[in-house]
Amino acid sequence: MGAQILDGKVMSAELRAEIAQRVAALKERGVTPGLAVILVGNDPASEIYVRNKGKGCEETGMYSRTINLPEQTSQAELESEIEKLNADPAIHGILVQLPMPKHLDEQAALAKILPEKDVDGFHLINAGHMMTGTEGVIACTPRGALYMIKSTGIDLNGKEAVVIGRSNIVGKPMAMLLLRENCTVTICHSRTKDLVEHTRRADILVAAVGKAGFVTADMVKPGAVVIDVGINRVDGKVCGDVDFEHVKEKASWITPVPGGVGKMTITMLLDNTVEAAERNLNRDR
Ligand code: NDP
């Protein structure tokens with residue numbers, strides 16, 4: 001029997017309806033949640049992501065602003081834009097679209113964002129909260145992926161979870177969230193020996209590698225929940241890291257690409273922004 005599909009579009013539509021209600025409630029109290037996205041240069045994929053973020057804001061009644069900076073923007077100019085947004089009361093969430101041009105220092109730029117406006121959850125303070133399990137902003141992609149895993153209703157206690165990929169924005173925070181859910185977590189990466197030995201044990205398998213079709217059916221335990229974070233372009237078509245057609249015959253649940261984790265990532269970004277506006281209002285009262 002084939003796997004059930006974890007449909008990011010359906011889940012996002014439900015969540016965005018709830019978000020729109022929270023936005024309306026905030027507006028009644030005189031606050032419109034605002035998201036600012038800084039885009040440096042003109043990477044076509046980044047431009048699409050930024051446009052989709054703007055559309056998500058529009059759909060839920062939020063205010064959005066995109067700051068387009070030229071490719072040759074200096075670190076000082078970038079940081080000065082961030083500081084302006086930090087001080088702007090109309091902006092509750094700030095996001096710097098990654099990757100940035102090579103001459104810019106991503107970590108230094110992210111560190112300039114006020115942690116309470118860091119809706120991507122990449123600031124070291126928020127990364128620290130994630131590590132310790134204390135209150136903070138949770139990175140959007142792993143948060144969306146966890147939401148999808150939990151929507152299966154499977155009891156995560158003691159489950160074997162394997163995350164392929166150890167980036168700061170996906171792999172590591174994903175592993176941390178699964179650990180918080182009491183999974184036994186293994187993180188695999190390019191130096192992992194016998195990768196298949198690990199992945200075949202996984203009740204929950206998350207692929208965040210960036211290689212089309214990397215996870216094949218022989219790597220998957222029958223009945224596993226398979227979460228495909230990858231976004232790759234092959235012959236102009238978007239596909240994930242998982243060989244969807246074959247793996248879906250073996251897994252119990254699977255996310256498609258497109259229409260899976262990517263859609264949920266933007267929904268979680270909207271949610272983090274509304275949450276930031278709510279926290280800000282409650283702090284001010
Ligand atoms: P990175 O390139 O930063 O990380 C990729 C990871 O995969 C690294 O940890 C790398 O290991 C590991 N890896 C590479 N080759 C192998 C291999 N042969 N065996 C095992 N591990 C391997 O990518 P990101 O984490 O930023 O993104 C991963 C994917 O997710 C990309 O396709 C990206 O586009 C997508 N993405 C999707 C999002 C969404 O909204 N759905 C959001 C963000 C990213 P090592 O560390 O050793 O190099």
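One-based numbering, in listed order, for ligands and for the atoms of each.
- Which parts of ligand 1 touch A208 is read off a 4.0 Å heavy-atom cut-off, strictly below it: atoms 5 (C), 6 (C), 7 (O), 28 (C).
- Looking at R65 and D88, a side-chain N of the basic residue comes within less than 4.0 Å of a carboxylate O on the acidic one, giving a salt bridge.
- For the residues V238, L269, V229, the heavy atom positioned nearest atom 37 (C) of ligand 1 is part of V229.
- For H123 and N126, the side-chain atoms include no donor-acceptor pair closer than 3.5 Å.
- Distance check: E71 CD to D43 CG gives 8.5 Å after rounding to the nearest 0.5 Å.
- Contact check on R22 versus D271 returns a salt bridge, with a Lys/Arg side-chain nitrogen under 4.0 Å from an Asp/Glu carboxylate oxygen.
- K159 has no carboxylate O lying under 4.0 Å from a charged side-chain N of E181, or vice versa, which leaves the two without a salt bridge.
- One N or O on the side chain of S167 and one on the backbone of V170 form a donor-acceptor pair closer than 3.5 Å.
- In this structure, atom 42 (C) of ligand 1 lies nearest to the protein heavy atom T141 OG1, 3.2 Å.
- Looking only at atom types and distance, the side chain of R16 has a donor-acceptor partner in the side chain of T267 under 3.5 Å away.
- Using a 4.0 Å cut-off to heavy atoms of F214, the atoms of ligand 1 that qualify are 17 (C), 18 (N), 19 (N).
- Comparing T265, V257, I231 by heavy-atom distance to atom 34 (O) of ligand 1, the nearest is I231.
- What sits closest to atom 31 (C) of ligand 1 on the protein, heavy atoms only, is G210 CA, 3.6 Å.
- Nearest protein heavy-atom contact of atom 21 (N) of ligand 1 is H189 C, 3.1 Å.
- Note on ligand 1: G171 sits outside its first shell, no heavy atom being nearer than 4.0 Å.
- When each atom of ligand 1 is checked for a heavy atom of I164 under 4.0 Å away, the hits are 20 (C), 21 (N).
- Atom 8 (C) of ligand 1 has its closest protein heavy atom at R166 N, 4.0 Å.
- Side-chain contact check for T216 versus H246: every heavy-atom pair is 4.5 Å or farther apart.
- Residues E58 and K55 are not paired through a salt bridge, judged by the lack of any N-O separation under 4.0 Å between the basic side chain and the carboxylate.
- Electrostatic pairing of E116 and R279 does not count as a salt bridge here, judged by no charged N lying under 4.0 Å from a carboxylate O.
- Of the candidates V170, L195, V163, it is V170 that places a heavy atom closest to atom 27 (O) of ligand 1.
- Remark: the backbone N or O of E197 is not paired with any side-chain donor or acceptor of D194 at under 3.5 angstrom.
- Looking only at heavy atoms of the protein, atom 15 (N) of ligand 1 is closest to K211 NZ, 3.0 Å.
- Remark: ligand 1 atoms within the under-4.0 Å shell around heavy atoms of G165 are 6 (C), 7 (O), 9 (O).
- Atom 26 (O) of ligand 1 has as its closest protein heavy atom I169 CD1, 3.6 Å.
- In the candidate list C188, C239, S167, S167 is nearest to atom 25 (O) of ligand 1, counting heavy atoms.
- When the heavy atoms of D228, V215, V209 are ranked by distance to atom 13 (N) of ligand 1, first place goes to V209.
- Closest to atom 22 (C) of ligand 1 among all protein heavy atoms lies S190 N, 3.6 Å.
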